[in-house]
Amino acid sequence: MGECQKEIVPLPQVFYQQPTLELSKALLGCLLVKETNLGMAAGYIVETEAYIGPGDKAAHSYNNRRTARTEVMFHRSGLAYTYQMHTHCLFNVVSGGEENPEAVLVRALEPRYGIELMKTRRGIQDLNNLTNGPGKLTKSLGITMEDYGSSLTLLPLYIAKGFCPESISVGKRIGIDNSGEAKDYPWRFWITNNKFVSRHQKSEYEIKSTKC
DNA sequence: TACTAGATAGACT
DNA sequence: GTCTATCTAGTAT
């Protein structure tokens, strides 16, 4: 409302061609946008996890498992990989390039645009509880299985430039306790001290941002 | 902090 | 047909 949204445009394909771990960090601070006939909803990405293909037991594509569900992971980077989990839909960014099935899970957002719409979709008023989890953010933005395989460089679902985080924390991934040694890999990234992260956890280390 | 129910798609036998 | 799962919300301890 009254805010200047003119500069919100999708990031180019080349953005998605960096290595998955780099992409996971680069996505922090970016704006995830979904436009529907109800309006636009968007938030800054504040938490991600990397899932690195055939060698990662926690990844759906472990051991190059190629099924109807994981098919899109084998396609080009920058596509949306949505996945139904219990009653929720989770959103991943395909990475790694053709025939290299990697992905970045977006775990939490900081609400930015369309906040009233998000509250309506979630049926709650608490801003702090709106998008602080992978299932919550998809519901807030209206991301569904219909977005499976869509390009993030095109409307209605896309990622745009946001801000540059001062510090990034690194730790173990969440919710993959049955994945053997893979559960200890430090492939979770979040913006240090951001209150919208899904879970507060001790970081293994922190990265002071030098890019942007 | 710990547990449990909810309620569903996809993978596999 | 059976089992598992990148989760959430609610309740009990």
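Since the model is a prediction, treat every value here as computed from it, not as a measurement. Only this structure's heavy atoms are used, side chains among them; waters, hydrogens and symmetry mates stay out. Throughout, protein chains are lettered first and strands after them, A, B, ... in sequence-line order, and every chain is numbered starting at 1.
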> Starting at NZ of A/Lys139 and ending at P of B/dT8, how long is that distance when rounded to a whole Å?
Replying inline: 13 Å

> How many angstroms lie between atom CG of A/Leu141 and atom CE of A/Met40, to the nearest 0.5 angstrom?
Replying inline: 9.0 Å

> How close or far is atom C1' of C/dA9 from atom CZ of A/Arg199, stated in whole angstroms?
Replying inline: 14 Å

> Is A/Asn178 side chain donor-acceptor paired with the C/dT4 base, going by distance under 3.5 Å alone?
Replying inline: no

> Within the structure shown, what part of the strands sits under 4.0 Å from A/Arg122 by heavy-atom distance: base, sugar-phosphate, or nothing?
Replying inline: sugar-phosphate

> What is the distance, rounded to the nearest whole Å, between atom CZ of A/Arg66 and atom P of B/dC12?
Replying inline: 15 Å

>> Determine whether the aromatic ring of A/Tyr51 stacks with the base of C/dT6, defined as ring centroids separated by less than 5.5 Å and ring planes inclined by less than 30°.
In response: yes

> Nearest-Å distance, CE (A/Met145) to P (C/dT6)?
Replying inline: 13 Å

> With a non-hydrogen cut-off below 4.0 angstrom, is A/Arg65 in contact with a base, only sugar-phosphate, or nothing?
Replying inline: sugar-phosphate

> If we call it a pair only when both distances are under 3.5 Å in a Watson-Crick or G-U wobble match, what pairs with B/dC12?
Replying inline: C/dG1

>> What is the separation between atom CG on A/Leu105 and atom C1' on C/dC7, rounded to the nearest whole Å?
In response: 11 Å

> Atom NE2 of A/His88 to atom P of C/dT6: distance rounded to whole Å?
Replying inline: 13 Å

>> Just checking A/Lys119: does its NZ atom have more than 12 heavy atoms from other residues, nucleotides or ligands closer to it than 6.0 angstrom?
In response: yes

>> Let me spell it out: for each of A/Arg69 and A/His86, pick the nucleotide of DNA chain B with the closest heavy atom. Which residue's pick is nearer the 5' end?
In response: A/His86

>> Under a 3.5 Å cut-off for both contacts, is C/dT6 paired Watson-Crick or G-U wobble with anything, and if yes, with which nucleotide?
In response: none

> Which part of the nucleic acid, if any, lies within reach of A/Ala68 when heavy atoms closer than 4.0 Å are counted: base, sugar-phosphate only, or nothing?
Replying inline: sugar-phosphate

> If every non-hydrogen atom of A/Cys30 is compared with every non-hydrogen atom of A/Leu11, which pair is closest and at what distance?
Replying inline: SG-CD1, 4.0 Å

> Counting only heavy atoms not in A/Glu166, do more than 12 fall under 6.0 Å of its CD?
Replying inline: no

> For the pair made of CE in A/Met85 and P in C/dT6, what is the distance, rounded to whole Å?
Replying inline: 5 Å

> Would A/Arg66 and A/Glu71 pass as an ion pair if we require N to O under 4.0 Å?
Replying inline: yes

> Base, sugar-phosphate, or nothing: which does A/Ile176 touch, judged by heavy atoms less than 4.0 Å apart?
Replying inline: sugar-phosphate

> In whole angstroms, how far is the P atom of C/dA9 from the CG atom of A/Asp126?
Replying inline: 11 Å

> Side chain of A/Gln84: nearest nucleotide among C/dT6, B/dA9, B/dA11?
Replying inline: B/dA9

